[in-house]
There are 2 protein chains.
Amino acid sequence: MKRNSRLSLALHTLSHMAGEPDRVRTSSDIADHAGTNPVVVRRVLGRLREAGLLTSEKGHAGGWRLARKPQEISLADVYLALDERLVASDEISEAPACSVEHALQKRVSGVLEEIEQSLVQKLSETSISEVRDA
Amino acid sequence: MKRNSRLSLALHTLSHMAGEPDRVRTSSDIADHAGTNPVVVRRVLGRLREAGLLTSEKGHAGGWRLARKPQEISLADVYLALDERLVASDEISEAPACSVEHALQKRVSGVLEEIEQSLVQKLSETSISEVRDA
DNA sequence: ATACATGTAACTTTTGTAGTTGCATTGGTC
DNA sequence: GACCAATGCAACTACAAAAGTTACATGTAT
Ligand code: FES
Ligand code: FES
């Protein structure tokens with residue numbers, strides 16, 4: 001796992017969970033399977049919990065579980081939960097004093113924003129349960 | 001300049017050049033203007049030269065010049081010359097032994113590749129001369 | 001009480017990129 | 001020919017973002 005590893009990890013994990021929705025998984029199980037560290041798993045899945053895609057329970061027999069039916073979790077849900085913005089950048093234009101810079105920024109940002117939207121749109125058309133039979 | 005700084009630098013510079021196509025600019029001039037280093041400028045513009053967008057001349061009175069009319073250089077030309085792939089990744093899937101991993105990879109990569117294409121398409125609709133009057 | 005899980009903060013390691021330095025090469029100018 | 005000013009390029013350093021790691025507090029079933 002290298003680039004977009006957060007997204008990879010999240011999708012990978014959710015895909016597995018979509019297969020056996022009732023099974024509870026610990027961060028360690030997931031980390032072992034994904035070849036990473038439990039803390040990293042908790043960091044990533046924590047985002048998904050905040051977004052309402054997963055639930056977690058502490059203590060003995062605790063762990064992670066899907067918060068909804070797998071059919072109701074789209075790839076876009078995951079993408080957005082992680083605050084990924086593969087295309088557009090969130091940066092505020094610092095000092096667009098010059099008009100050329102300003103025009104350029106405006107035009108390019110516009111295109112990127114459109115593309116970002118259509119990416120989310122495309123991702124929303126697939127659920128994590130569908131992905132297994134691609 | 002932070003993220004996508006290569007692309008920013010390239011577009012910024014070309015936009016200026018589109019304004020005064022006949023003027024020769026040195027790496028130092030450009031670097032001063034963009035708040036960076038001449039060597040960085042040469043690295044980035046070198047890519048554009050390889051792609052046939054710019055020419056450079058050594059020696060006294062040398063420097064950079066547009067290789068084509070500004071109307072004939074699109075944002076996509078620049079994007080592709082820099083080998084930017086904002087959306088899709090070029091990585092070879094390492095060991096897609098597992099079927100779930102495989103399916104996931106296939107589906108997601110597919111979407112990303114589509115989006116990458118439509119980004120290039122959108123960028124190809126604007127030339128560096130148009131961008132000034134946006 | 002104990003064992004096992006998450007939650008989180010702080011630190012270290014890794015990695016990609018910009019920035020820098022130094023020098024060879026080329027081509028005008030005197 | 002001597003000199004100056006430009007690119008070309010390689011090697012190194014500096015920096016920042018992300019992953020990975022360690023340590024510990026908190027919660028919960030048995
Ligand atoms: S400073 Fe305005 S475009 Fe260069
Ligand atoms: S998807 Fe997890 S190992 Fe195959």
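This one's a predicted model, so the numbers in the text were calculated from it and none came from an experiment. Below, chain A is the first sequence line, B the second, and so on; all start at residue 1.
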Inset, instruction - With rounding to the nearest 0.5 Å, note down the distance linking CD1 in A:I128 to OG in A:S74. - result: 9.0 Å
Inset, instruction - Confirm from the modelled atom types if B:R43 and D:dG8 form a donor-acceptor pair under 3.5 Å, side chain to base only. - result: no
Inset, instruction - May I ask you to say what B:T36 touches in the nucleic acid, namely base, sugar-phosphate or nothing, with a heavy-atom cut-off under 4.0 Å? - result: sugar-phosphate
Inset, instruction - Supply the atom-to-atom distance B:T36 OG1 to B:R43 CZ, rounded to the nearest 0.5 angstrom. - result: 9.0 Å
Inset, instruction - State whether the side chain of B:T126 and the backbone N or O of B:L123 hold a donor-acceptor pair below 3.5 Å, judged by distance alone. - result: no
Inset, instruction - May I ask you to decide if B:L7's main-chain N or O and B:Y79's side chain share a donor-acceptor pair within less than 3.5 Å? - result: no
Quick one: which protein N/O atoms are closer than 3.5 Å to N/O atoms of nucleotides 26-30 of chain D? Pair and distance per line, please.
unit_1, atom_1, unit_2, atom_2, d
D:dG27, N2, A:G59, N, 3.1
D:dT28, O2, A:H60, N, 3.3

Inset, instruction - Determine: side-chain N/O of B:R42 to OP1/OP2 of D:dC9, distance under 4.0 Å, yes or no. - result: no
Inset, instruction - Rounded off to whole Å, could you give me the CD1-to-C1' distance for the B:I30 and D:dG8 pair? - result: 15 Å
Legend entry - Main-chain N/O of B:S127 paired with B:E130 side-chain donor or acceptor, under 3.5 Å: yes
Inset, instruction - Indicate yes or no: does B:D77 engage B:R68 in a salt bridge with an N to O separation below 4.0 Å. - result: yes
Under 3.5 Å, which protein N or O atoms sit close to an N or O of nucleotides 14-16 of chain D? Give each pair with its distance.
none

Legend entry - Ion pair check, A:E125 and B:R107, cut-off under 4.0 Å: no
Inset, instruction - Answer with yes or no whether A:R49 presents, from its side chain, a donor or acceptor under 3.5 Å of a partner atom in the base of C:dG7. - result: no
Inset, instruction - State which of C:dG22, D:dA18, C:dT8 makes the closest approach to the side chain of A:V39. - result: C:dT8
Inset, instruction - Could you tell me the separation between the CG atom of A:D29 and the C1' atom of C:dA5, rounded to a whole number of Å? - result: 11 Å
Inset, instruction - List for me each residue that meets side-chain hydrogen bond (donor to acceptor under 3.5 Å, both in side chains) alongside A:E72, sequence neighbours excluded, and say none if there are none. - result: none
Legend entry - Contact nearer the 5' end of DNA chain C, comparing A:E50 with A:G62: A:G62
Inset, instruction - Give a yes or no on whether a salt bridge exists between A:D83 and A:R47, defined as a side-chain N under 4.0 angstrom from a carboxylate O. - result: yes
Legend entry - Under 3.5 Å donor-acceptor, B:S109 side chain and B:K106 backbone: no
Inset, instruction - Provide, to the nearest angstrom, the distance between the CG atom belonging to A:N4 and the P atom belonging to C:dT15. - result: 17 Å
Inset, instruction - Take the protein atom CG of A:D32 and the nucleotide atom C1' of D:dG20, then report the distance between them rounded to whole Å. - result: 14 Å
Legend entry - Below 4.0 Å: OP1/OP2 of D:dT7 and any side-chain N or O of B:S56: no
Legend entry - Presence of A:T26 side-chain N/O under 4.0 Å of C:dA5 phosphate oxygens OP1/OP2: no
Inset, instruction - Calculate the interatomic distance between A:L7 atom CG and D:dA18 atom P; express it in whole Å. - result: 14 Å
Inset, instruction - Rounded off to whole Å, could you give me the CG-to-P distance for the B:D83 and C:dG16 pair? - result: 16 Å
Legend entry - A:N37 CG to C:dT8 P, straight-line distance once rounded to whole Å: 16 Å
Legend entry - Length of the line joining B:R25:CZ and D:dA5:C1', which is rounded to integer Å: 19 Å
